[in-house]
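Written below as structure tokens is the structure these notes are about.
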Protein chains: 2
Amino acid sequence: MIKLLLAEDQGMMRGALALLLGLEEDMEVVAQVATGDAIVPSALETGPDIALLDIELPGRSGLDAAAELRERLPSCAVLILTTFGRPGYLRRAMEAGASGFLVKDGPVEELAAAVRRVLAGERVIDPALAAAALSAGPNPLTARERDVLSAAADGSTVADIAGRLHLSPATVRNYLSAAIGKTGTRNRMEAVGAARRNGWL
Amino acid sequence: MIKLLLAEDQGMMRGALALLLGLEEDMEVVAQVATGDAIVPSALETGPDIALLDIELPGRSGLDAAAELRERLPSCAVLILTTFGRPGYLRRAMEAGASGFLVKDGPVEELAAAVRRVLAGERVIDPALAAAALSAGPNPLTARERDVLSAAADGSTVADIAGRLHLSPATVRNYLSAAIGKTGTRNRMEAVGAARRNGWL
DNA sequence: GGTCGGCGTTGACAAATGTCACGGGTGCGC
DNA sequence: GCGCACCCGTGACATTTGTCAACGCCGACC
């Protein structure tokens, strides 16, 4: 019997997937969580064979949780299940030790099949997405540039960001300028968009 | 037998919902579409009793399609099923003649129940959401302000927008300024965010 | 007819943003 | 030790953005 953990914030999606996977004779959903923080504790308690993780979760990124989970419960495989096939997400997922990366497009039947393939030792990745991730190259932004760009993503002004990050306004503008340059965009708004699209956020 | 049409762009979600609803003894999914354009033609062909529509679809908004559907096939009820409970979305859904408005949080069981309640003549709306929609008031933006703000949403500069909309740059800035004022924000980026959150986009 | 709101435009102004060159500090690898 | 990349800051500069006041042109409504 394959024991599954399911992490997904949209209640309807979570419920539907849990029901469908439960219908497979050899599978059993032993835990369902809606937040990123709940993943590791719940996994340690229920000891699943595989964890299906969404990335964009309240509280903590599924990628973060995946890394910690692989470390503290190596017997549990990780299969990322996400809405967006962002190149940077795939890269980070692989670095975190995930065995598979599935996007929520594509038919439901793929899901159970992917679970079985992962537990058979295979790595499950959409080939087109893998190609995109390789061609896009690694994240060009430094840690600080990411911080500043993230802080700017909601429309905050330079002064806001400077205050929030305890930096000088001039420094903030320099980081933003660098981020704009590296993303090949024309202003912070386009830079935020480009960084998001690539999963660099 | 209740005949259902399902419009949802995420393949996995669509498949899962179709399977679950198909398990109900009195329901039958007669059509599944992934784009907004496909809704009306498919409905006219298959003649469903109720259409479950997502809002944010490729090609055409589910709200647009809902309005046309109500007009051309009045026998078909409309139940909006969306990720985001934006006040403006609810308002527009009601104006388009929808009988219900469900968010994708909350348990799957709600869905079949909502379908039955709608067909029994009830209106299905989350009370908290209804209150939010009423307290938020109607969309304060004029048509042109919406155009300009939408065009600015991707990070375009004033000159870009002016070119795309065949307007003078100064005019564009005036509309943006008005939108910023009406949304109570400080710059176009916050204005875009606020407009999105409220479903005014 | 008059009023009002929306549309499109202009011009001028202050403020925010983006760019550049430069400085000093740290830690890392060769 | 030396170079290198990243961190943080400064000052100056051009450009963009946001604001305000004003004008004419509709169409709707009373």
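The shown structure was predicted, so the numbers you read here are calculated from the model rather than taken from an experiment. So that the names make sense, note that chain A is the first sequence line, chain B the second, and so on, each numbered from 1.
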Spacing between [X] atom [atom1] and [N] atom [atom2], to the nearest angstrom:
X: B/Leu165; N: C/dT9; atom1: CG; atom2: P; answer: 11 Å
X: A/Tyr175; N: D/dA5; atom1: OH; atom2: P; answer: 15 Å
X: B/Glu190; N: D/dG18; atom1: CD; atom2: P; answer: 11 Å
X: A/Asn139; N: D/dA5; atom1: CG; atom2: P; answer: 17 Å
X: A/Leu141; N: D/dA5; atom1: CG; atom2: P; answer: 16 Å

Under a 3.5 Å distance rule, please check whether [X] uses its side chain to pair with a backbone N or O of [Y] as donor and acceptor.
X: A/Asp54; Y: A/Ala7; value: no
X: B/Arg92; Y: B/Gly199; value: yes
X: A/Arg146; Y: A/Leu141; value: yes
X: A/Arg70; Y: A/Cys76; value: yes
X: B/Asn198; Y: B/Asn139; value: no

Protein-proximity profile, nucleotides 11-21 of chain C, B/S/- by nucleotide at the 4.0 Å heavy-atom cutoff, equals -B----BBBBB
Side-chain N or O of B/Ser168 closer than 4.0 Å to phosphate OP1/OP2 of C/dT10 =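 For C/dT10, OP1 or OP2 has a side-chain N or O of B/Ser168 closer than 4.0 Å.
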Using a cut-off of less than 4.0 Å, is there contact between a side-chain N or O of B/Thr142 and OP1 or OP2 of C/dC7?
->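 Affirmative; the distance criterion is met.
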Taking for each residue the nucleotide of DNA chain C bearing the nearest heavy atom, is the 5' side occupied by B/Pro140 or by B/His166?
->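 Nearest-nucleotide comparison on DNA chain C picks B/Pro140.
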Would you call B/Glu122-B/Arg117 a salt bridge at under 4.0 Å N-O?
->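 Looking at B/Arg117 together with B/Glu122, the answer is yes, because their closest N to O distance falls below 4.0 Å.
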